[in-house]
Protein chains: 2
Amino acid sequence: MTEIMSTISEAEQRFQWIYQALRSRIVLLDYEPGTRLSEEQLAEEFKVSRTPIRRVLNRLEVEGLLEIRRGAGNFVTEVSMPELLEVFELRMELVRLMDVLAPKAATQDLLKRLQVLQNACLEIADDPKPKRRFAELNVEVFLSFMELVGNQALREVQEQLFYRTARMWPYLLAEEQVAHEAKLLHAEISEAVRLLANNHYPSFGHLYRCHLAMASQRLAMMQTTGV
Amino acid sequence: MTEIMSTISEAEQRFQWIYQALRSRIVLLDYEPGTRLSEEQLAEEFKVSRTPIRRVLNRLEVEGLLEIRRGAGNFVTEVSMPELLEVFELRMELVRLMDVLAPKAATQDLLKRLQVLQNACLEIADDPKPKRRFAELNVEVFLSFMELVGNQALREVQEQLFYRTARMWPYLLAEEQVAHEAKLLHAEISEAVRLLANNHYPSFGHLYRCHLAMASQRLAMMQTTGV
DNA sequence: ATTAATATATTTGTATACAACTTAAGATTA
DNA sequence: TAATCTTAAGTTGTATACAAATATATTAAT
């Protein structure tokens, strides 16, 4: 018995693997809204039967990323602007709580990883798919920031809401805007790292809140201009 | 085709039926923490196969009410005091947002139903299981108040967190305290109805926040006194 | 040609047999 | 007696055949 006793069962690992793969594809718009996900095809791709696939699809439905229609198919949900704004509003308020509820200090490791992400922002333009790459980095930056949330419940809620709005970037962003957004993200990470290194937590919360607020404004603008 | 075209499929209805039944049993402590839920037994009780049962159990696991251990069984989770306090802290902050994010005015129908619940508080003592009855009313009161939340995302989050803490009442409350708690709940509903009837929303949010704060304090006390 | 009805094909939901894993009791050995 | 290994029973996870619902293509009637 020289094996390492993994606390996570093989079945759970397989679930997480498929789940995160599909969620990522939806969030990064590899599957565009309206796309039909065939259980049989997915089962073939992941070399499993329909049963574990269906478990994943059900979870994605609960999280609002998928609509399961019996006899018809499993469809990636559309990006609804009113819903997006609503969730954004809530997320902005929740960020405030990061300062209040059990904030954690940033580890050296986290700061390092943020700097890696920061540098990656400068290379977005060189990527074959800049928009997708930007969205990908946006996810990683978010998840890094979430490590600072000590209240586990708040963390789970924020993550769930994040994935519900994460599609807006690749969905609404025009290719020519990506470079500009990349610069903004770079600047934000830079500022965040500076504040976190000095344990200036309240300011960090404020910073992230501004980030969301600006995004929300742009969302609203795009709505009125009818994008 | 005289049938009413139901927007909810039969399968979805069956799911909701089983899901709500099991959740209720866990939350009202009909299933005490640690209880093993046999898929086969449940399948027999609800006259379905294991497949739809397993879908429900998976959902309950995501919501933190069930722990699924392969080869061993599905166990109702223990009530963890640190987790309870953490979730409570978050709920207290979220209540604040009710005033901010799209509050809805109370309908006459809602006020009537609250008054019915209010009166029901006076008859808790006559119930064969007062503690269980109190917990049941507590759920209904909460769900009524949630109708005032216009932001759908906030509502979903609050409901999910509520069910994660709802067990504390039947779990921690001693039988002799039920009468006292019933009185408090009665008074709170009374006050809430008064405020809502006058469209005094901010005060209502404050009221509910006090309710949670007191509950949280009592939780902390029970912890220190080692109940 | 258009429309409605019908039949066929496709897809998700359910039931069920079997595989993989866990637990606990019993046998075995020191 | 105590500890350890083995075995068997019981449970959840997976694969698969079939049922139910939906969408599509075909056909017939107007």
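Please read all numbers here as calculations on a predicted model, not as lab measurements.
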If the threshold is 4.0 Å, N to carboxylate O, is there a salt bridge linking [X] and [Y]?
X: A:Arg164; Y: A:Glu83; result: yes
X: B:Glu39; Y: B:Arg54; result: yes
X: A:Arg25; Y: A:Glu45; result: yes

Practice task
Kindly point out which of C:dT14, C:dG13, D:dG13 is positioned nearest to the side chain of A:Glu39?
Solution key: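 Among the listed nucleotides, the one closest to the side chain of A:Glu39 is C:dG13.
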
Among D:dA15, C:dA15, C:dC21, which nucleotide sits nearest the side chain of B:Thr51?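 So the nucleotide nearest the side chain must be C:dA15.
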
Discussion item. Is the phosphate of C:dT12 approached by A:Arg54 (side-chain N or O, under 4.0 Å from OP1 or OP2)?
Written reply: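 For C:dT12, neither OP1 nor OP2 has a side-chain N or O of A:Arg54 closer than 4.0 Å.
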
Return no unless some side-chain N or O of B:Arg14 is found under 4.0 Å from OP1 or OP2 of C:dT14.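 Answer is yes, contact under 4.0 Å.
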
request  = Specify the residue among A:Arg69 and A:Glu10 whose closest nucleotide of DNA chain C lies further upstream toward the 5′ end.
outcome  =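 First, find each residue's nearest nucleotide; the 5'-ward one identifies A:Arg69.
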
- Under a 4.0 Å heavy-atom cut-off, which of residues 70-79 of chain B touch DNA chain D?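 B:Arg70, B:Gly71, B:Ala72, B:Gly73, B:Asn74 - these, ordered by number, are the residues of the stretch whose heavy atoms sit under 4.0 Å from the strand.
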
Any donor-acceptor N or O pair under 3.5 Å, side chains B:Arg91, B:Thr165
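Present: a donor and an acceptor within the cut-off.
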
**Message:** Parallel, tilted or perpendicular: which one describes the rings of B:His211 and B:Trp169, with boundaries at 30° and 60°?
**Reply:**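 Aromatic pair B:His211/B:Trp169 classed parallel.
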
Provide, to the nearest angstrom, the distance between the [atom1] atom belonging to [X] and the [atom2] atom belonging to [N].
X: B:Leu42; N: C:dT14; atom1: CG; atom2: P; result: 15 Å
X: A:Arg36; N: C:dT10; atom1: CZ; atom2: P; result: 11 Å
X: B:Glu40; N: C:dA17; atom1: CD; atom2: P; result: 11 Å
X: B:Gln41; N: D:dG10; atom1: CD; atom2: C1'; result: 12 Å
X: B:Glu44; N: C:dT16; atom1: CD; atom2: P; result: 12 Å
X: A:Arg55; N: D:dG13; atom1: CZ; atom2: C1'; result: 9 Å
X: A:Ile68; N: C:dT14; atom1: CD1; atom2: C1'; result: 15 Å
X: B:Gln13; N: C:dT14; atom1: CD; atom2: C1'; result: 17 Å

Look only at the side chain of A:Glu86 and the backbone of B:Gln152, and say whether a donor-acceptor pair between them is shorter than 3.5 Å.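 Checking the backbone N and O of B:Gln152 against the side chain of A:Glu86, a donor-acceptor pair under 3.5 Å is found.
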
Pick the closest DNA chain D nucleotide for A:Arg50 and for A:Ala11 by heavy atoms, then say which residue is nearer the 5' end.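 The 5'-side residue here is A:Ala11.
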
Between B:Leu37 and A:Ser49, just flag the one whose closest nucleotide in DNA chain D comes earlier from the 5' side.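 This one resolves to B:Leu37.
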
Given B:Thr77, which partner from the list B:Arg167, B:Glu63, B:Glu61, B:Glu67 fulfils the side-chain hydrogen bond (donor to acceptor under 3.5 Å, both in side chains) test?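 The passing option is B:Arg167.
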
